[in-house]
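In what follows, a single structure is set out as structure tokens and then discussed.
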There are 2 protein chains.
Amino acid sequence: MARTQGSHSDITGPRVREAALWLFARQGYAAVSMRQIAAEVGVQAGALYNYTPDKQTLLFDLMRAHLEDLLAAWDAAAPDASARDTLEAFTRFHIRFNTSRADAVFVSYMELRSLEPANFAVIEGLRRDYETRLETILRQGLAEGVFAVSEPRIAAMALIAMLTGVNTWFRAGGRLSLAQVEALYWDMVRKAVAV
Amino acid sequence: MARTQGSHSDITGPRVREAALWLFARQGYAAVSMRQIAAEVGVQAGALYNYTPDKQTLLFDLMRAHLEDLLAAWDAAAPDASARDTLEAFTRFHIRFNTSRADAVFVSYMELRSLEPANFAVIEGLRRDYETRLETILRQGLAEGVFAVSEPRIAAMALIAMLTGVNTWFRAGGRLSLAQVEALYWDMVRKAVAV
DNA sequence: GTCTATATTACGATAGAC
DNA sequence: GTCTATCGTAATATAGAC
């Protein structure tokens with residue numbers, strides 16, 4: 001069945017979000033205009049309002065989708081294993097997932113201050129959920145007696161900050177492969193929490 | 001000698017930079033208007049142009065001053081000691097300095113993308129200089145045989161990312177004192193690079 | 001050095017034709 | 001669903017009086 005002439009909603013919607021994510025990552029939410037997003041997609045500015053009620057909701061939806069994807073991907077990948085093996089899996093998962101979605105990671109961290117209070121609370125909650133996943137692994141290792149960290153929550157935030165830092169310098173096709181980067185960081189993580 | 005009536009340049013200049021830093025940290029460079037900065041200082045927008053040629057230069061000057069301060073402060077504080085002791089000094093210095101200037105740290109990292117190319121190159125050079133300070137300490141420890149890191153440059157970036165992450169959660173007057181936070185992070189840094 | 005006033009440009013969002 | 005046109009607002013930066 002041919003669609004109505006001029007109807008592209010099922011393809012234009014994703015392209016709007018894609019263009020917005022790309023532009024927000026490079027220029028920042030406040031510096032990007034709806035006209036720029038529209039130009040990137042190849043429509044006029046007014047047409048964007050068929051896909052989002054406003055600019056703020058467009059940002060919020062991008063950030064929420066990213067963090068929900070992150071949590072779902074880890075929950076699907078997390079092994080049922082010892083704390084040591086689970087921490088290695090988390091380390092490698094975090095690096096792989098975040099380097100494969102650099103724009104979404106960047107926007108979800110840098111644009112927290114661009115969110116209205118109600119939206120900020122939702123995003124902040126998802127971020128805390130992810131931190132708690134790692135904190136739980138560290139507490140498991142403490143119980144097993146294989147880790148030594150005096151403040152699991154703070155250690156979790158410190159490790160996540162270190163791992164997310166990969167995105168500031170890693171480029172696919174560079175001197176180091178992703179597997180090598182994972183090994184380098186796992187070595188530091190492993191030792192940092194060691195007894 | 002009384003100054004000319006209405007002349008406050010020696011005090012207004014610093015207040016403009018102070019207000020701009022505060023607003024840029026909270027709302028982002030692109031989201032802050034010159035009118036807002038002027039209102040914060042208590043002057044009209046036009047008066048700001050006695051202190052900066054334009055908004056971009058105001059941002060650039062703030063970032064450059066912060067990074068030059070950071071480098072000068074470390075160079076003045078760095079001990080002439082073993083790699084292990086110098087790394088501990090660096091860890092504690094970085095946490096103390098960065099938590100005491102949270103707005104400048106935040107702006108200098110988040111607004112890199114708001115800089116024009118020529119300004120970006122200057123700031124990026126200063127940032128690399130700082131990373132090299134830590135990289136040099138790590139190489140010294142490798143030569144002494146007291147550290148084990150296979151990629152000193154990457155380890156330096158990883159450690160700086162971890163340490164700077166303190167700023168995302170630390171608040172003076174909270175449950176942990178700065179000395180306790182320094183000790184927590186030094187424990188992780190020490191182990192992460194250990195043989 | 002600061003003010004008022006303004007030139008110029010751009011913004012987010014909406015209305016209504018097709 | 002997309003377009004053209006536009007409303008109402010706000011931006012950076014400058015000119016000239018005091």
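In what follows, every chain begins at residue 1, and chains take the letters A, B, ... in the order their sequences are listed.
- Within the nucleic acid shown, B/V32 comes within 4.0 Å of sugar-phosphate atoms alone, with no base atom in reach, counting heavy atoms only.
- Between the CG atom of A/D54 and the P atom of C/dT14 there is a distance of 8 Å, rounded to whole Å.
- Per the geometry, CZ belonging to A/R15 stands 10 Å off P belonging to D/dT2, to the nearest Å.
- With salt bridges taken as basic N to acidic carboxylate O contacts below 4.0 Å, none links B/K55 and B/E111.
- In this structure, A/L48 atom CG and C/dT14 atom C1' are separated by 13 Å, rounded to whole Å.
- For A/S33, counting side-chain heavy atoms from C-beta on, the closest listed nucleotide (C/dG12, C/dC3, D/dA11) is C/dG12.
- B/V105 and A/Y109 fall into different hydrophobic clusters, where Ile, Leu, Val, Met, Phe, Trp and Tyr residues are linked whenever their side-chain heavy atoms come under 4.5 Å apart, directly or through other members.
- Rounded to an integer number of Å, the gap from B/Q27 CD to D/dA11 P is 11 Å.
- Between the NZ atom of A/K55 and the C1' atom of C/dA13 there is a distance of 12 Å, given to the nearest Å.
- A 4.5 Å side-chain heavy-atom check between B/I95 and B/F170 finds every atom pair outside the cut-off.
- Nearest to the side-chain atoms of A/T12 among the listed nucleotides C/dT2, D/dT4, D/dT2 stands D/dT2.
- Of all nucleotides listed (D/dG1, C/dT2, C/dG12), D/dG1 comes nearest to the side chain of A/Y51.
- The distance from atom CE of A/M34 to atom P of D/dT6 is 21 Å, rounded to the nearest whole Å.
- For the side chain to side chain donor-acceptor pair (under 3.5 Å) with A/H94, the qualifying choice from A/Y130, A/Y185, A/W74 is A/Y130, the only one to do so.
- Comparing atom distances between the B/Y49 side chain and each of D/dA13, D/dT2, C/dG12 picks out D/dA13 as nearest.
- Which of C/dC3, C/dA13, D/dC3 sits closest to the side chain of A/Q44 comes down to D/dC3.
- Look at B/R153 and B/E131 and you find a salt bridge, because one of the NZ, NE, NH1 or NH2 atoms lies within 4.0 Å of a carboxylate O, short of that distance.
- For A/R35, whose side chain is taken as the heavy atoms from C-beta onward, the closest listed nucleotide among D/dT6, C/dG1, C/dT4 is D/dT6.
- Rounding to whole angstrom units, CG of residue A/N50 and P of C/dC18 are separated by 18 Å.
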